[in-house]
2 protein chains.
Amino acid sequence: MRGTGADLQEKSLHERIRNDVERHIMSGEWPPGYRIPFEHEMTRQYACSRMTVNKALGELVQRGLIERRRRLGSFVRQPHAQSAVLEIHDIEREVQALGLVYRYRLDKRRLRPAGKDDGAAMALAADAPVLELTCTHFAGGVPFCLEERLINVTAVPEAEFADFSQIGPGTWLLKMVPWSAAEHRISAVSADRKNAAALGIGSGAACLVIDRRTWHGTDYITRVSVTYPGDRHALVAQFSPSQSS
Amino acid sequence: MRGTGADLQEKSLHERIRNDVERHIMSGEWPPGYRIPFEHEMTRQYACSRMTVNKALGELVQRGLIERRRRLGSFVRQPHAQSAVLEIHDIEREVQALGLVYRYRLDKRRLRPAGKDDGAAMALAADAPVLELTCTHFAGGVPFCLEERLINVTAVPEAEFADFSQIGPGTWLLKMVPWSAAEHRISAVSADRKNAAALGIGSGAACLVIDRRTWHGTDYITRVSVTYPGDRHALVAQFSPSQSS
DNA sequence: GAGTGGTCTAGACCACATG
DNA sequence: ATGTGGTCTAGACCACTCA
C-alpha cells in the first residue's frame with residue numbers, strides 16, 4: 001500500500017514517505033487541521049524504523065506543511081494560500097543592474113542603548129546596545145534611497161568594529177550574518193521636509209517605505225527602514241501558486 | 001572558539017552544532033568555499049554520534065548555507081539570495097480580519113476590445129475582448145481601497161456573465177480560475193484628484209498601489225491595480241531564507 | 001499513568017568520487 | 001582501494017501533555 005500517487009523521484013525511503021504525505025495534503029485528502037498518522041503507525045505501514053519516519057516528518061515541519069505536538073500528534077497546517085517570492089536585492093547590485101554608477105554615503109553612526117520603542121519593536125532589553133546607522137545610496141549621482149538602520153550589537157558584535165564608511169550595512173550584513181526569519185512592511189508615506197531634501201524631491205511627494213526586521217532563531221538581528229522616491233521605484237515580485245519540493 | 005556571538009537558545013546538541021557552524025560562517029572565519037570539518041571530526045569534537053552531526057549539517061544544507069559532496073566533504077556556499085513569502089489577501093477577508101464590516105460597490109463595468117496599451121501589457125491581440133471593472137471596497141463604512149481590473153474574456157469566458165454587483169471580481173476569480181504565475185508591482189504614488197475624492201483623502205496624499213498580472217500557462221487572465229491610502233495600509237510579508245534541496 | 005514526539009546512540013551498508 | 005557523505009536500524013531515555 002505504498003503507491004498512492006504518481007511516481008516521483010524517490011531515491012530514499014524518507015523522501016518517499018515525505019512525498020506521500022505531501023500528496024495527501026496537496027490533494028486535499030488531508031485538509032488543514034487533519035491529524036496525520038502517528039509515527040508508530042507509519043513505521044508499520046512502511047516497515048521501517050521510527051527514525052526514518054521522524055526524518056520525513058521533520059522535513060515537513062521545516063517546510064511549514066505540518067506542525068507536531070507531543071502527546072497530540074501531527075497536524076496539517078493552515079494553507080500557504082497563495083504566496084509570492086519577492087527577491088530582495090542588495091541596493092548596490094540593484095543600482096548596478098540599472099546600469100547606473102553606485103555611490104554610498106554614511107551620514108550617521110552612533111552606538112547607543114536601545115530606547116523604549118526600540119526594545120518593544122525588537123524584543124530587546126531597554127539598555128541593550130544597538131548601532132544606529134543612517135546612510136544615503138546614490139544612483140548615477142542622484143539620491144536613490146535613504147536607509148535608517150539599527151543593528152543589535154549583542155547578536156552581531158562584529159558590527160561594532162565594522163567600517164561602514166566604505167561598505168553599506170545592508171551589504172555587510174548580507175555577507176556576514178545568517179538569518180532564519182524576517183518580516184517586511186511596505187507602505188507609502190508623504191516625504192517630510194528632511195527626507196524630501198535628502199532625496200531631491202518635493203516636500204509631500206509620495207515615497208515607498210520598506211521596513212524590514214530580521215531574526216536569527218529568537219535573536220533579533222537588525223531593523224532597517226529604506227525610503228525610495230515613489231516615482232522612481234517599485235517592488236516587483238514573481239509568484240507561484242504554491243511551493244513544491 | 002565558539003564564543004564569537006551571543007548565546008543562542010541551544011536546547012539540543014544538534015542545534016548547538018548547527019549554531020556553531022553558522023557562527024563560524026557568519027563571522028567570516030569560514031568563508032565561501034571553505035571545507036568545514038568532516039563528520040567524523042565533529043563527532044570527536046562534540047563527543048556524539050555521527051547521526052547527530054549529520055542532522056545538524058543536513059539542516060544547514062536545507063537552509064542553503066553549505067553543500068556536501070561525497071568523498072570531498074562539506075563546503076560553505078556562496079551567499080544566498082533572500083526571498084520573501086508575501087501572502088496575497090482577498091480584500092474581503094482582509095477587511096474582516098480587521099474586525100470591520102466589509103462592503104463592496106461596483107462602480108463601472110464595460111466589455112470592450114483591448115486597446116493598444118492593454119494589448120502590450122497583457123500580450124493580447126488588440127481586438128481581444130476584455131472586461132473592464134472598477135470598484136470600491138469599504139471597511140467600516142470608509143473607503144478602503146480602489147480596484148481597477150481587466151479580465152481577459154477569451155481566457156475566462158464565464159466572467160462575461162458573472163454578477164459582479166454582489167461579489168468582487170478578485171474574490172470571484174480566486175474561486176473560479178486557476179493560475180500558474182503572477183507578478184506584483186508595488187509602488188507609491190500621490191493621489192490624483194479623482195482618487196483622492198473616492199478614497200476620502202487629501203489630493204496629493206501618498207497611496208500604495210499594487211499592480212498584479214496573472215497568467216494561467218501562457219494565457220493572460222487578469223490585470224488589477226489596487227490603490228490604498230498610504231496612511232491606512234501596509235503590506236506585510238513574512239520571510240524565510242531560500243531553500244534549495 | 002500513558003502515549004506522543006524530541007533526541008540520541010553505536011553500529012551498519014551503500015553510493016559516489018578520487019587515487 | 002580509500003574515504004566521504006547518504007541512509008537506515010533497533011533500540012533508548014526524556015519532555016511534554018493529556019487524562
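Residue numbers begin at 1 in each chain, while the letters A, B, ... track the order of the sequences.
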Open item on the list: Please confirm whether the shortest side-chain N or O distance from A/S12 to OP1 or OP2 of D/dT7 is below 4.0 Å.
Closed with: yes
Task: Atom-pair distance (NZ on B/K55; P on C/dG6), nearest Å - done: 8 Å
TODO: Calculate the interatomic distance between B/R68 atom CZ and D/dG3 atom C1'; express it in whole Å.
DONE: 14 Å
Task: For atom NE2 of A/H14 and atom P of D/dG5, their distance in whole Å - done: 17 Å
Task: B/F38 CZ - D/dT2 P separation (whole Å) - done: 17 Å
Open item on the list: By the definition salt bridge (Lys or Arg N to Asp or Glu O under 4.0 Å), identify the one residue from A/E160, A/E148, A/E132 that meets it with A/R110.
Closed with: A/E132
Please write out each protein N/O paired with an N/O of nucleotides 13-19 of chain D under 3.5 Å, distance rounded to 0.1 Å.
unit_1	atom_1	unit_2	atom_2	d
D/dA15	N3	A/R70	NE	3.1

- [ ] Determine, step by step, whether A/H137 and A/F144 satisfy the ring pair (Phe, Tyr, Trp, His ring centres under 6.0 Å) criterion, reporting the C-alpha distance in whole Å, the side-chain angles of both residues, the deciding distance to 0.1 Å, and the verdict.
- [x] CA-CA 5 Å; A/H137 302 266; A/F144 184 70; 8.0 Å; no
- [ ] Let me know the distance between CD of A/E39 and P of C/dC8, rounded to the nearest Å.
- [x] 15 Å
Task: Closest listed nucleotide, where the reference is the side chain of A/N54 and the choices are C/dC8, C/dG6, D/dG5 - done: C/dG6
Open item on the list: What is the separation between atom CZ on B/R16 and atom P on C/dC8, rounded to the nearest whole Å?
Closed with: 10 Å
Task: Exercise: identify the closest heavy-atom pair between B/L208 and A/I186 - done: CD2-O, 3.6 Å
Task: Nearest-Å distance for atom pair CD/C1', residues B/E59 and C/dT7 - done: 12 Å
Open item on the list: Rounded to whole Å, how long is the line connecting atom OH of A/Y46 with atom P of D/dT7?
Closed with: 17 Å
- [ ] If the plane angle is over 60° it's perpendicular, under 30° parallel, otherwise tilted; pick one for B/Y220 and B/W215.
- [x] tilted
- [ ] Choose from D/dT7, C/dA10, C/dT7 the nucleotide whose nearest atom is closest to any side-chain atom of B/E15.
- [x] C/dT7
Open item on the list: Does any part of the side chain of A/Y228, heavy atoms only, come nearer than 4.5 Å to the side chain of B/S187, both counted from C-beta?
Closed with: no
- [ ] Would you indicate, yes or no, if D/dG11 has its OP1 or OP2 atom less than 4.0 angstrom from a side-chain nitrogen or oxygen of A/S49?
- [x] no
TODO: Would you kindly say whether A/R149 and A/T222 are connected by a side-chain donor-acceptor distance under 3.5 Å?
DONE: yes
Open item on the list: If you assign A/L57 and A/M51 each to the DNA chain C nucleotide with the nearest heavy atom, which residue ends up on the more 5' nucleotide?
Closed with: A/L57
Open item on the list: Between A/H40 and C/dT4, is there a contact of a side-chain N or O with OP1 or OP2 at under 4.0 Å?
Closed with: yes
TODO: Return yes if a side-chain donor-acceptor contact under 3.5 Å exists between B/R35 and B/S74, otherwise no.
DONE: no
Task: A/T52 side chain near D/dT9 phosphate (N/O to OP1/OP2, under 4.0 Å) - done: yes
